[in-house]
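Step one of this worksheet: look at the structure below.
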Amino acid sequence: MRNEIANFRDCKSIAIMGGTFDPIHHGHLVTAEAVRHRFKVDKVVFMPAGHPAHKDNRQVTHNEHRYLMTVLATMRNENFEVSRIEIDRPGVTYTIDTIEELKKICRPDVRLYFITGADAIHQIMTWKEPERLLAMCDFVAVTRPGYQKNKLFEEIGEIREKYASRIHYMEVPALAISSSDIRNRALKGEPIKYLLPQEVEDYIHKFGLYQHAQQEEVKFMLPLEVMQEKLQSALSVKRYIHTLGVADEAVKLAEIYGCYEDQQKARVAGLLHDCAKDYPKELRLRLCKEYKIKTDEIMEQQTDLIHPFLGAEVARREYQVEDEEILNAIRYHTTGRADMSLLEKIIFIADYIEPNREKFDGLEEARRLAYLDLDMAMKYILEETIAFVKERGRLLHPLSVEALEYYKNR
Ligand code: NAP
């Protein structure tokens with residue numbers, strides 16, 4: 001048994017301090033101590049995330065650096081521990097997996113609190129198995145001064161009511177310190193002294209961390225395999241297989257009609273085109289409001305039409321895709337629109353003809369046209385789709401009508 005586990009396995013109550021800790025700073029330490037005091041927990045276990053599921057727009061510093069900085073920062077407090085559970089677990093870091101692991105090694109009656117930034121709590125319904133997670137531990141949402149709390153309170157209230165969960169709230173003035181500010185300061189050569197423990201500052205200098213801007217410029221932070229793993233947990237098996245088919249088909253079309261850059265983009269857009277499709281209806285509607293996605297009457301009546309527009313926003317926020325071309329390919333992959341870009345057409349067509357599709361009338365013709373001329377394939381697929389929509393008595397989106405008009409006249 002690892003020592004770290006021996007140090008908290010018999011505790012009656014534990015607060016888990018979840019975060020990327022890139023780097024850990026005094027705001028985190030003050031928060032942990034304040035929570036320990038308020039909730040009278042035996043230990044606070046710092047849990048640096050391995051491959052954060054919802055990361056910010058940059059590459060995260062190597063796990064071992066973040067882990068060691070957290071150890072250095074917490075070593076003077078006997079009530080603080082640091083866990084390698086997430087650092088050592090391969091794949092994307094999901095809190096539910098961590099809580100399950102802790103429940104297995106701790107006393108059966110242990111009370112667990114999960115402390116994290118309010119922004120993360122805000123997104124909690126998009127986490128893996130949120131309802132089960134909310135039932136397994138208390139959450140403590142901490143904010144820094146100046147945080148707009150009204151929306152957070154509203155959401156906490158809704159979640160509490162709906163899932164009978166326990167979400168607490170705490171404002172921590174010391175969280176005026178932030179990891180991103182420390183990184184920016186280090187990059188500009190400005191002092192970071194007194195914002196974090198001296199040992200952590202020494203460590204940052206020793207290993208030259210946060211000195212290069214290029215870390216912040218990476219366009220897709222999630223490596224493709226991490227993206228796929230995340231998608232696999234967000235989608236049904238059938239949809240995931242379809243997604244892989246669309247990505248492969250899109251790359252093939254991009255090879256024929258585009259350049260190398262298009263192939264890369266085609267893979268990402270293909271993988272993510274349905275990333276929000278399995279979200280339940282309520283979550284779709286709530287996220288549209290939250291992300292300020294305009295919905296029209298047709299989308300509201302036929303909520304399936306929301307998924308491409310929401311998907312683009314989820315791709316931006318959850319998968320850190322910044323490229324507008326990719327986001328538009330996701331956004332218009334269901335309705336189409338007039339005068340689509342090469343990538344938009346590729347994803348629209350790949351979605352229709354991907355190799356894992358079960359046979360249906362018109363599939364072979366669509367495949368034949370796709371390898372002959374993309375605009376002809378667009379016209380054919382739009383005609384077939386519009387006929388199908390009408391036949392089923394479903395509502396037709398005006399974007400599809402405009403698209404067909406456009407491709408008929410090409
Ligand atoms: P993050 O990138 O480290 O933090 C986002 C924001 O919240 C930052 O402003 C950060 O401030 C603040 N923050 C984060 N953790 C904090 C803490 N414990 N105390 C005070 N402020 C904190 O982290 P994240 O990606 O939002 O993830 C936070 C935690 O939620 C992690 O443990 C992560 O694994 C978990 N999570 C799980 C799922 C899932 O299971 N699907 C999804 C998302 C997040 P600083 O930059 O100053 O730290």
Side-chain angles (χ1 to χ4, degrees), residues 15-36 44-61 63 66-67 69-70 73-74 80 82-83 85-87 89 91-102 112-134 136-137 139-147 152 167-186 192 195-196 200 210 221-222 226 229-234 314 317-320:
I16 302 139
M17 183 77 174
T20 311
F21 303 127
D22 195 12
I24 187 160
H25 52 69
H26 280 132
H28 296 129
L29 299 170
V30 170
T31 303
E33 190 59 16
V35 170
R36 191 181 75 79
V44 178
V45 177
F46 285 73
M47 187 69 71
H51 302 278
H54 302 42
K55 45 92 220 151
D56 58 1
N57 183 21
R58 58 187 191 88
Q59 272 182 322
V60 172
T61 303
N63 290 352
R66 291 183 293 108
Y67 170 75
M69 287 191 281
T70 310
T74 52
F80 288 177
V82 186
S83 175
I85 289 181
E86 292 190 352
I87 292 284
R89 192 168 59 226
V92 182
T93 301
Y94 295 114
T95 302
I96 183 92
D97 301 336
T98 307
I99 300 293
E100 274 188 330
E101 220 171 309
L102 286 173
L112 296 178
Y113 295 82
F114 189 85
I115 315 166
T116 196
D119 282 343
I121 294 291
H122 213 53
Q123 303 286 327
I124 201 159
M125 293 317 291
T126 66
W127 292 18
K128 186 178 167 191
E129 299 186 53
E131 290 175 36
R132 202 155 69 81
L133 181 62
L134 285 163
M136 285 170 90
C137 66
F139 278 81
V140 185
V142 293
T143 58
R144 35 184 52 110
Y147 190 88
L152 177 72
I167 303 184
H168 314 273
Y169 164 78
M170 242 172 124
E171 183 173 289
V172 183
L175 278 175
I177 303 172
S178 78
S179 302
S180 59
D181 177 53
I182 292 176
R183 291 194 301 270
N184 285 334
R185 283 166 172 272
I192 55 173
L195 298 173
L196 31 63
V200 179
Y210 313 119
M221 180 221 154
L222 289 190
V226 177
E229 215 181 305
K230 203 160 140 54
L231 277 169
Q232 203 170 359
S233 90
V314 170
R317 290 165 186 256
E318 306 285 326
Y319 297 83
Q320 292 311 308

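As the structure lists them, so they are numbered: ligands from 1, and atoms in each ligand from 1. None of the values given here were measured: they were computed from a predicted structure. Numbering of residues begins at 1 and proceeds along the displayed sequence.
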Quick one: does ligand 1 sit under 4.0 Å from the side chain of His28, the backbone, both or neither, non-hydrogen atoms only? side chain
Sorted by chain and residue number, the side chain to side chain donor-acceptor pair (under 3.5 Å) partners of His168 (sequence neighbours excluded) come out as Asp138
Results of side chain to side chain donor-acceptor pair (under 3.5 Å) for Arg185 - residues two or more places apart only: Asp181
Is the contact between Val172 and ligand 1 made by the side chain, the backbone, both, or neither, using heavy atoms and a 4.0 Å cut-off? neither
Which of the listed options, Gly18, Ala15, Ser180, Ala32, holds the heavy atom that is closest to atom 15 (N) of ligand 1? Gly18
Location of contacts on Arg144 toward ligand 1, heavy atoms closer than 4.0 Å: side chain
Considering distance alone, does some N or O of Thr20 sit under 3.5 Å from an N or O of ligand 1? yes
Ser179 N/O under 3.5 Å from ligand 1 N/O: yes
Contact (N/O only, under 3.5 Å) between Thr95 and ligand 1: yes
Using a 4.5 Å cut-off on heavy atoms from C-beta on, say whether the side chain of His26 contacts that of Leu29. yes
Find all atoms of ligand 1 within a distance of less than 4.0 Å from any non-hydrogen atom belonging to Val142, and give their numbers and elements. 19 (N), 20 (C), 21 (N)
What do you reckon, does His25 put a non-hydrogen atom under 4.0 Å from ligand 1? yes
I need the single residue from Asp22, Thr93, Thr20, Thr70 that forms a side chain to side chain contact (heavy atoms under 4.5 Å, CB included) with Pro48. Which is it? Thr70
Has ligand 1 got any nitrogen or oxygen that is less than 3.5 angstrom from a nitrogen or oxygen of Gly19? yes
Heavy-atom distance under 4.5 Å between the side chains of Met136 and Leu112, does that happen here? no
Side-chain contact test, heavy atoms from C-beta onward, threshold under 4.5 Å: evaluate it for Pro23 versus Arg183 and give yes or no. yes
Close approach, Asp119 and ligand 1, non-hydrogen under 4.0 angstrom: no
State the atoms of ligand 1, each with its element, that fall below the 4.0 Å cut-off from a heavy-atom position in Lys128. 41 (N)
Heavy-atom contacts with Ser178 under 4.0 Å: which atoms of ligand 1 show up? List them by number with element. 47 (O)
Give the atom numbers and elements of ligand 1 that come within less than 4.0 Å of a heavy atom of Ala120. 26 (O)
Would you call Val35 and Val44 a side-chain contact if the rule is heavy atoms closer than 4.5 Å? no
Would you mind finding which of Ile16, Thr116, Ile182 brings a heavy atom closest to atom 29 (C) of ligand 1? Thr116
pair Glu318-Leu231: side-chain heavy atoms closer than 4.5 Å: no
side-chain hydrogen bond (donor to acceptor under 3.5 Å, both in side chains) partner of Glu86, chosen from Asn63, Thr98, Thr95: Thr98
At the 4.0 Å heavy-atom cut-off, does Met17 count as touching ligand 1? yes
Do the side chains of Tyr169 and Ile121 get nearer than 4.5 Å, heavy atoms only? no
4.5 Å side-chain heavy-atom contact, Arg36 and Tyr113: no
Which bit of Tyr147 is near ligand 1, meaning a heavy atom under 4.0 Å away: side chain, backbone, both or neither? neither
Can you find an N or O of Leu175 that's nearer than 3.5 Å to an N or O of ligand 1? no
